[in-house]
Each structure stands twice: as structure tokens, then as C-alpha cells.
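Sequential numbering from 1 along the given sequence is applied to the chain's residues. On a predicted model such as this, the values are computed, not experimentally measured, just so you know.
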Amino acid sequence: MKLKSIKPARIALASAALAAFLAMPAMAQDADHPKNEKLKVACDLGFAPFCFKTSTGETTGFTYDMSAALAQKLGRPGVEVTDSNFSAIFAGLFSKRYEMIPAPTNITTERASQMLFSEPYMPTGLGFLVKKGGKIANIEELKGKALSVNNGSISDKWLTDNEAKYGFTIQRYNKNADAVQAVMIGRAFANVADAPVSRYVSTQTPTAEVAYVLDGGRNFGIAFRKEDTAFRAQVEAALECIKADGTLAKIHEKWFGVKPDAASSMAKVYPGIGAPDFEGYDATPHKAECK
């Protein structure tokens with residue numbers, strides 16, 4: 001009789017402990033992503049047209065507008081931007097200074113082993129920006145030339161990996177605007193950045209032009225901490241909604257002057273959650289409920 005009276009109590013205690021354990025991820029999620037607070041994101045301010053300040057000090061750009069649209073879909077009251085040099089942006093994510101990185105971040109195998117990615121939202125490549133009249137017919141012509149780059153970017157990695165092969169030298173800057181200026185004053189021959197950035201800079205700088213684009217077949221994705229699977233799923237659903245209703249296309253047209261290719265990752269909604277063919281991808285079927 002004594003055993004029978006104790007056993008239910010033990011079962012109840014164990015059940016309560018299990019329930020508390022299972023609730024811990026949800027509690028952590030709420031603590032890291034409070035629904036009544038602004039969505040905390042990071043971008044490299046000064047990296048036009050993605051994220052920069054106006055003459056009156058207001059933050060604007062493609063990344064900001066996309067983040068604001070996502071926050072609205074998530075029911076969050078706006079966006080709070082943390083300015084971070086790209087060389088330090090991932091460390092800030094891991095230390096929870098912000099919730100995600102919507103700034104233009106190439107989805108790569110190496111990065112996917114360290115963080116989660118959303119599905120792709122913009123195709124990209126490497127743009128080589130030069131002073132007007134500069135010519136680049138092929139990569140081999142860069143031998144002996146100085147190339148400027150934003151420190152820590154995917155462009156920086158490509159240059160580092162290919163410096164010895166093609167014989168160019170690298171100048172690294174903490175802001176892409178400074179890397180562009182190095183070309184304009186003749187300190188460097190070309191600035192290497194994501195192609196959309198290079199094209200935008202050329203429209204804003206009469207003395208500059210994009211001489212060459214190297215298509216690497218890459219896409220930008222939103223980056224999250226490894227443990228943020230539930231939050232990633234929520235943001236991805238919001239991303240799919242702003243693709244489906246045309247909001248993302250309108251933001252693209254606003255900042256780049258053209259409508260995105262309807263077959264590109266700007267409009268395509270991918271199956272599963274995350275970036276297909278990369279670590280962290282969840283192939284479970286889902287359908288975003290858009291309001």
C-alpha cells in the first residue's frame with residue numbers, strides 16, 4: 001500500500017519535471033525574441049543601398065525596409081538596428097546583441113556550419129567597380145593591381161583565396177564606402193563587393209562604373225543562431241509572405257531601380273525551411289499563413 005501511494009506522486013513529479021524541461025526552449029525563445037519589443041537586427045551602416053544613414057541621421061536602405069516589412073508580419077513594433085562592421089557581425093549574433101542578421105550575407109558551406117540561414121532572398125555575385133574608363137576583360141588582367149574590399153566580407157574571402165593565383169594585392173577597409181573612395185582617389189584599381197552594391201554605387205557615383213561581374217551562383221540569406229530553429233521558421237514564413245504579396249519586389253525596385261527577375265530568389269518561395277543543399281536546412285513541408 002505504501003508503494004502504491006508513493007508511486008503516483010513520483011510519476012506526477014517526473015511529469016512536471018518533463019513538462020518544465022520541454023517548456024524551456026519556448027521560454028528561451030520568448031526571452032530572446034520578445035514580441036512586444038522592436039526586432040533587433042544588425043547591418044553595416046554606410047553599406048549603401050542596403051543600410052546607411054540619410055543626411056538627417058535616419059537609418060534607411062534595402063535591408064532596413066525589408067526588416068521593417070518582416071517585423072510587421074511578425075507583429076513586432078518596428079526595427080532596432082545595431083551598426084556593426086562586417087568583420088565583427090557574426091560575433092555579435094552569437095553573443096545575442098541582436099536577433100538576426102538581415103544584412104547582405106552570402107550563404108556558404110562554412111557559414112552554414114556555424115549558423116542557420118533562411119531561404120535565399122537575393123541572388124548575387126562579385127562586382128568590380130573602377131573609375132570610369134577602366135577595363136577588365138577577365139580576372140587574369142588584375143595581376144599587379146591593388147583591389148580594395150570591405151574587411152571580413154565574402155568578397156574579402158574570395159580575394160584572399162585567389163590573391164596568389166591571380167597576382168593582385170588587397171587593401172582592406174572597415175567600411176565599403178572607404179574602399180570605394182580608395183578607387184576614386186587612385187589608391188586602388190578596383191573595389192570588389194557584392195554585385196548589387198557595386199551596381200548601386202555606380203548609379204550614385206558619376207566617375208565610377210562596374211567593369212566586370214563574376215557570377216558565383218550565390219544568394220543572400222538571413223542569418224540566425226544555431227539554436228534559433230523556431231524563430232528562424234517564424235521569420236522565414238514572414239519572408240515568404242513578403243515575397244508572395246510583392247512587398248519584397250517593391251523594395252527591390254525602390255532601391256535598385258528595376259523589378260527583380262520573377263524566377264530569382266527574390267520571388268521564389270522554397271520548399272522546407274532554410275537554404276536547400278546547406279547544413280541546417282529542414283525539408284519538412286510547410287505553408288506560410290499570410291495576413
Worksheet item: Strictly by modelled atom types, are Asn150 and Asn191 linked by a side-chain donor-acceptor pair under 3.5 Å?
Response: no
Practice prompt. Determine which pairs satisfy ring-ring contact (aromatic ring centres under 6.0 Å, His included) with at least one residue from residues 264-291, sequence neighbours left out, and list them in order.
Written response: none
Discussion item. In the structure I gave you, are the side-chain heavy atoms of Ile273 and Thr284 within less than 4.5 Å of one another anywhere?
Written reply: no
Item to complete: Please answer: with hydrophobic residues joined when any side-chain heavy atoms are less than 4.5 Å apart, are Phe52 and Phe86 in the same cluster?
Response: no
Item to complete: Check whether Leu126 and Ile107 end up in the same hydrophobic cluster, where Ile, Leu, Val, Met, Phe, Trp and Tyr are linked by side-chain heavy atoms less than 4.5 Å apart.
Response: no
Worksheet item: Do the side-chain N and O atoms of Asp245 and Thr247 include a donor-acceptor pair separated by under 3.5 angstrom?
Response: yes
Show the atom names and distances, to 0.1 Å, of all donor-acceptor pairs under 3.5 Å that link a side chain in residues 95-102 to residues at least two apart or in another chain.
residue : atom : partner : partner atom : Å
Ser95   : OG   : Ala91   : O            : 3.0
Ser95   : OG   : Gly92   : O            : 3.2
Lys96   : NZ   : Asp32   : OD2          : 3.1
Tyr98   : OH   : Ile89   : O            : 2.5
Glu99   : OE1  : His33   : ND1          : 2.7
Glu99   : OE1  : Arg76   : NH1          : 3.2
Glu99   : OE1  : Arg76   : NH2          : 3.3
Glu99   : OE2  : Lys40   : N            : 2.9
Glu99   : OE2  : Arg76   : NH2          : 2.7

Discussion item. For Ile222 and Thr105: C-alpha separation, side-chain torsions, deciding distance, then whether side-chain contact (heavy atoms from CB on, under 4.5 Å) applies.
Written reply: CA-CA 7 Å; Ile222 302 171; Thr105 304; over 6 Å; no
Worksheet item: Got a donor-acceptor contact below 3.5 angstrom from the Ser87 side chain to the Gly152 backbone?
Response: no
Worksheet item: With sequence neighbours excluded, what pairs up with Phe168 under the ring pair (Phe, Tyr, Trp, His ring centres under 6.0 Å) test?
Response: none
Fill in: From Thr124, Asp194, Asn219, residue fulfilling side chain to side chain donor-acceptor pair (under 3.5 Å) relative to Asn106
Asp194
Discussion item. Checking side-chain polar atoms at under 3.5 Å, does Thr56 have a donor or acceptor matched by the opposite partner on Thr54?
Written reply: yes
Fill in: For Glu119, salt bridge (charged side-chain N to carboxylate O under 4.0 Å, His left out) partners two or more places apart
Lys243
Worksheet item: Where the side chain of Ser265 meets the backbone of Met122, is there a donor-acceptor pair that is under 3.5 Å apart?
Response: yes
Item to complete: List for me each residue that meets side chain to side chain donor-acceptor pair (under 3.5 Å) alongside Asn85, sequence neighbours excluded, and say none if there are none.
Response: none
Practice prompt. Enumerate the residue pairs fulfilling side chain to side chain donor-acceptor pair (under 3.5 Å) with a member in residues 197-206, sequence neighbours excluded, ordered by first and then second residue.
Written response: none
Fill in: Stepwise side-chain contact (heavy atoms from CB on, under 4.5 Å) test for Lys143 and Tyr166
CA-CA 6 Å; Lys143 184 176 181 179; Tyr166 294 111; over 6 Å; no
Worksheet entry | Inter- and intrachain pairs under ring-ring contact (aromatic ring centres under 6.0 Å, His included), touching residues 108-148, at least two apart | Phe128-Tyr212
Discussion item. Is the ring pair Phe220/Phe50 parallel, tilted or perpendicular, if the boundaries are 30 and 60 degrees?
Written reply: perpendicular
Fill in: Separation between CD of Glu240 and CD of Glu289, rounded to the nearest 0.5 Å
12.0 Å
Worksheet entry | salt bridge (charged side-chain N to carboxylate O under 4.0 Å, His left out) against Glu141, all qualifying residues, sequence neighbours excluded | none
Item to complete: State the CD1-CE distance between Ile242 and Met66, to the nearest 0.5 angstrom.
Response: 6.5 Å
Discussion item. According to a hydrophobic-cluster definition based on side-chain heavy atoms being under 4.5 Å apart (Ile, Leu, Val, Met, Phe, Trp, Tyr only), do Phe47 and Leu159 belong together?
Written reply: no
Practice prompt. Name all residues meeting the salt bridge (charged side-chain N to carboxylate O under 4.0 Å, His left out) criterion together with Lys175; count only those two or more places apart in sequence or in a different chain, and write none if there are none.
Written response: Asp44, Asp83
Practice prompt. Check for a donor-acceptor pair, side chain of Asn162 on one end and backbone N or O of Trp158 on the other, with a separation under 3.5 Å.
Written response: yes
Item to complete: Please step through side-chain contact (heavy atoms from CB on, under 4.5 Å) for the pair Val41 and Leu39, ending with a clear verdict.
Response: CA-CA 6 Å; Val41 305; Leu39 180 65; 3.9 Å; yes
Discussion item. Taking side chain to side chain donor-acceptor pair (under 3.5 Å) as the definition, give me every residue that meets it alongside Thr109, ordered by chain and number, with sequence neighbours left out.
Written reply: none
Worksheet item: Would you call Glu279 and Lys226 a side-chain contact if the rule is heavy atoms closer than 4.5 Å?
Response: yes
Discussion item. Test of understanding: clusters of I, L, V, M, F, W, Y form through side-chain heavy atoms closer than 4.5 Å, transitively. Do Ile251 and Tyr64 belong to the same one?
Written reply: yes
Worksheet, complete the sentence: Hits for salt bridge (charged side-chain N to carboxylate O under 4.0 Å, His left out) against Lys145, two or more places apart or cross-chain, chain-then-number order -> none
Discussion item. Checking one residue: Leu45. Which other hydrophobic residues are in its cluster under the side-chain 4.5 Å linking rule?
Written reply: none
Worksheet item: In the single-linkage hydrophobic clustering (I, L, V, M, F, W, Y; side-chain heavy atoms under 4.5 Å), do Val210 and Trp255 co-cluster?
Response: yes
